[in-house]
Amino acid sequence: MHRLNPGLLAKALRESWLATLLTALGLFTAEVFLAQVLPGVFKNLSEQILQVRIVREIVSALLGADVGAGLGSIALMSVAWVHPVILGLLWAYVLVQATRVPAGEIDRGTIDILLSLPITRFQAYVAPSLVWLAGGLVLAGAVLLGNIIGAWSLGSDYTGKVVNRIQVSANLFAMYVAVGGIVSFISATCSRRGQAMAIAFGVLSASFLVNFLAAFQKSFEWISFLSVLDYYRPLHVLSGSGRLSDIFVLLTVGGLCWILGAVVFQRRDLPTT
């Protein structure tokens, strides 16, 4: 029976707490800034701006949904939830954290030392996974808090209802879990951390690109379901048309990929040099 090893968990926490804190502060600051700046730029102009086709298409591509010409401030404020700075910080964090074991340990030549302890491979795999999972909750909470504080003086016509913003943060966390599961699987198949991070970065870049191009070219719509961003739709949630099925799909993908990573890690031969 596999039991959680407190020592491994403490080790993972020591290695991750500073990065978690700094990333959370970065996300909080960025979200406060975006929530404050977007209304100042677009207030009283959003309807007119969205009448311009190229602007509407760019916003639609960023949000991964057709905003139409009349959704106004809700559509533009949704950008604060999918801005590349927000996604970049989240993805960079999970890329680092989810590649610690096994790719990071193999790359440093310490995997044999780690596994010489009275632990199983599964225990070595699950401890850092719990840490990056908990870190995702902290980061999603930081984004939500930043959005609430940054848009404190605005009405729900601009920001969406608080309950809807909580739902968006839940959708954001589910997307984070999906990415974390994918990265964990990639890490389990690689012997170099740099290689694992490069492959994962390529997968995430392709996911973003497909989601972006699908808004411009109908020919990309048939593969858009492969993008994790296809199931992260803050615009739909803020406007009251969000789907719980999106969260379910993201959590399922993350969970299945994580399990596959655990199976691969337990069965593969591990180089020690």
Would you compute the distance between atom [atom1] of [X] and atom [atom2] of [Y] and round it to the nearest 0.5 angstrom?
{"X": "N171", "Y": "L250", "atom1": "CG", "atom2": "CG", "result": "6.0 Å"}
{"X": "L235", "Y": "S239", "atom1": "CG", "atom2": "OG", "result": "5.0 Å"}
{"X": "L27", "Y": "H83", "atom1": "CG", "atom2": "NE2", "result": "12.5 Å"}
{"X": "I199", "Y": "R192", "atom1": "CD1", "atom2": "CZ", "result": "13.0 Å"}
{"X": "L260", "Y": "I182", "atom1": "CG", "atom2": "CD1", "result": "11.0 Å"}
{"X": "Q167", "Y": "D246", "atom1": "CD", "atom2": "CG", "result": "12.0 Å"}

Quick check against the 3.5 Å criterion: does [X] have a side-chain atom that pairs as donor or acceptor with the backbone of [Y]?
{"X": "S187", "Y": "V183", "answer": "no"}
{"X": "S116", "Y": "I113", "answer": "yes"}
{"X": "S241", "Y": "H236", "answer": "yes"}
{"X": "S169", "Y": "L144", "answer": "no"}
{"X": "T99", "Y": "V96", "answer": "yes"}
{"X": "S224", "Y": "E221", "answer": "yes"}

Are any non-hydrogen side-chain atoms of [X] and [Y] less than 4.5 angstrom apart?
{"X": "V94", "Y": "Q97", "answer": "no"}
{"X": "D107", "Y": "S191", "answer": "no"}
{"X": "D112", "Y": "E105", "answer": "no"}
{"X": "I111", "Y": "L114", "answer": "yes"}
{"X": "L90", "Y": "T23", "answer": "no"}
{"X": "I86", "Y": "V82", "answer": "no"}
{"X": "V101", "Y": "F265", "answer": "yes"}
{"X": "M175", "Y": "Y231", "answer": "no"}

What's the shortest heavy-atom distance between [X] and [Y], and which atoms?
{"X": "C257", "Y": "G181", "value": "CB-O, 3.3 Å"}
{"X": "V85", "Y": "A30", "value": "CG1-CB, 4.0 Å"}
{"X": "A24", "Y": "A142", "value": "O-CB, 3.6 Å"}
{"X": "Y176", "Y": "G135", "value": "OH-C, 4.3 Å"}
{"X": "A127", "Y": "L8", "value": "CB-CB, 3.7 Å"}
{"X": "R233", "Y": "N211", "value": "NH2-OD1, 4.4 Å"}

Derivation of the side chain to side chain donor-acceptor pair (under 3.5 Å) call for W132 and S16: CA-CA 8 Å; W132 66 251; S16 305; over 6 Å; no
With no hydrogens and no angle check, just 3.5 Å: does a side-chain donor-acceptor pair link [X] and [Y]?
{"X": "Q123", "Y": "N5", "answer": "no"}
{"X": "N147", "Y": "R165", "answer": "yes"}
{"X": "S227", "Y": "S207", "answer": "yes"}

R100 bridged to E15 by N-O distance under 4.0 Å: yes
Using the side chain to side chain contact (heavy atoms under 4.5 Å, CB included) rule, take L115 and L270 through it: C-alpha gap first, then chi angles, then the decisive distance, then the call. CA-CA 11 Å; L115 296 180; L270 299 176; 3.6 Å; yes
Do [X] and [Y] land in one hydrophobic cluster if side-chain heavy atoms of ILVMFWY residues count as linked below 4.5 Å?
{"X": "I149", "Y": "M77", "result": "no"}
{"X": "L18", "Y": "V131", "result": "no"}
{"X": "F225", "Y": "F248", "result": "no"}
{"X": "V162", "Y": "L145", "result": "no"}
{"X": "L137", "Y": "F28", "result": "no"}

Contacts of type salt bridge (charged side-chain N to carboxylate O under 4.0 Å, His left out), residue R268, not counting sequence neighbours: none
side-chain contact (heavy atoms from CB on, under 4.5 Å) partners of L251, counting only residues at least two apart: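 Result, side-chain contact (heavy atoms from CB on, under 4.5 Å) vs L251: A174, V177, I247.
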Working note: T20 + Y93, criterion side chain to side chain contact (heavy atoms under 4.5 Å, CB included); need CA distance, chi angles, decisive distance, verdict. CA-CA 8 Å; T20 303; Y93 175 84; 2.5 Å; yes
Candidate pair L229 and L87, rule side chain to side chain contact (heavy atoms under 4.5 Å, CB included), full reasoning: CA-CA 10 Å; L229 293 176; L87 295 180; 4.2 Å; yes
Once you measure the plane-to-plane angle for Y125 and W258, does it fall in the parallel (<30°), tilted (30-60°) or perpendicular (>60°) bin? tilted
How about CG on L244, more than 12 heavy atoms from neighbouring residues, nucleotides or ligands closer than 6.0 Å, or not? no
Go through it in stages, so that I can follow the logic: the residues are W91 and F201, the test is side chain to side chain contact (heavy atoms under 4.5 Å, CB included), and I'd like the CA-CA distance, side-chain angles, deciding distance and then a yes or no. CA-CA 9 Å; W91 288 354; F201 179 78; over 6 Å; no
